[in-house]
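Heads up, the thing below is written out as structure tokens.
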Amino acid sequence: MEYGILMGGQSIGNARVEKEGLYYKISAKCRLSGTVVCKLTVTGSGHTEDLGILVPEGSWFVVHTKVPMKRLGDGELGFRAVPRHTE
């Protein structure tokens, strides 16, 4: 499945989510200025998970990771890019 990545209410990229055993395999890419270090978060079933720092790869900023499905549930997921220092 494909989901949009939001930052400050604007769509800045997308995240591809695939089920792989008991995990979600997440590959995300978005456009950032690079002036502020940002991390990617995902929210599902009322729980927010930090997926890590978005790192430069060509003209995109990306994250590739796996998350146990039990942490996010089976519902709709929401992805956000946030400045690293934000709690």
Using residues 13-22 as the side-chain source, report each donor-acceptor pair under 3.5 Å to any protein atom, sequence neighbours left out, with the distance given to one decimal.
from, atom 1, to, atom 2, distance (Å)
R16, NE, E2, OE2, 3.3
R16, NH2, E2, OE2, 2.7
E20, OE2, K66, NZ, 2.5

(request) For M7 and P83, work out which heavy atoms get closest and say how close. (result) CE-CD, 4.3 Å
Look up atom [atom1] in [X] and atom [atom2] in [Y], then write down how far apart they are to the nearest 0.5 Å.
X   : Y   : atom1 : atom2 : answer
L77 : Y24 : CG    : OH    : 5.5 Å
L72 : I26 : CG    : CD1   : 6.5 Å
C30 : I5  : SG    : CD1   : 4.5 Å
K70 : S45 : NZ    : OG    : 13.5 Å

Only pairs under 3.5 Å count here: list side-chain donor-acceptor contacts from residues 47-60, not counting sequence neighbours, and write none if there are none.
from, atom 1, to, atom 2, distance (Å)
H47, NE2, E49, OE1, 2.9
T48, OG1, T43, OG1, 3.0
E49, OE2, R71, NH1, 2.7
D50, OD1, G52, N, 2.9
S59, OG, R31, NH1, 3.2

(request) State which residues pass ring-ring contact (aromatic ring centres under 6.0 Å, His included) with Y3; sequence neighbours excluded, sorted by chain then number. (result) F79
(message) Side-chain heavy atoms nearer than 4.5 Å, only ILVMFWY residues, links allowed to pass through others: does that put L40 and L32 together?
(response) yes
(request) With sequence neighbours left out, write down each residue that passes side-chain hydrogen bond (donor to acceptor under 3.5 Å, both in side chains) with S27, or none if nothing qualifies. (result) H64
(message) A side-chain contact here means heavy atoms from C-beta on lying under 4.5 Å apart; do D74 and M69 qualify?
(response) yes
(request) Measure the shortest side-chain to side-chain distance between L6 and S11 over non-hydrogen atoms and say whether it is less than 4.5 angstrom. (result) yes
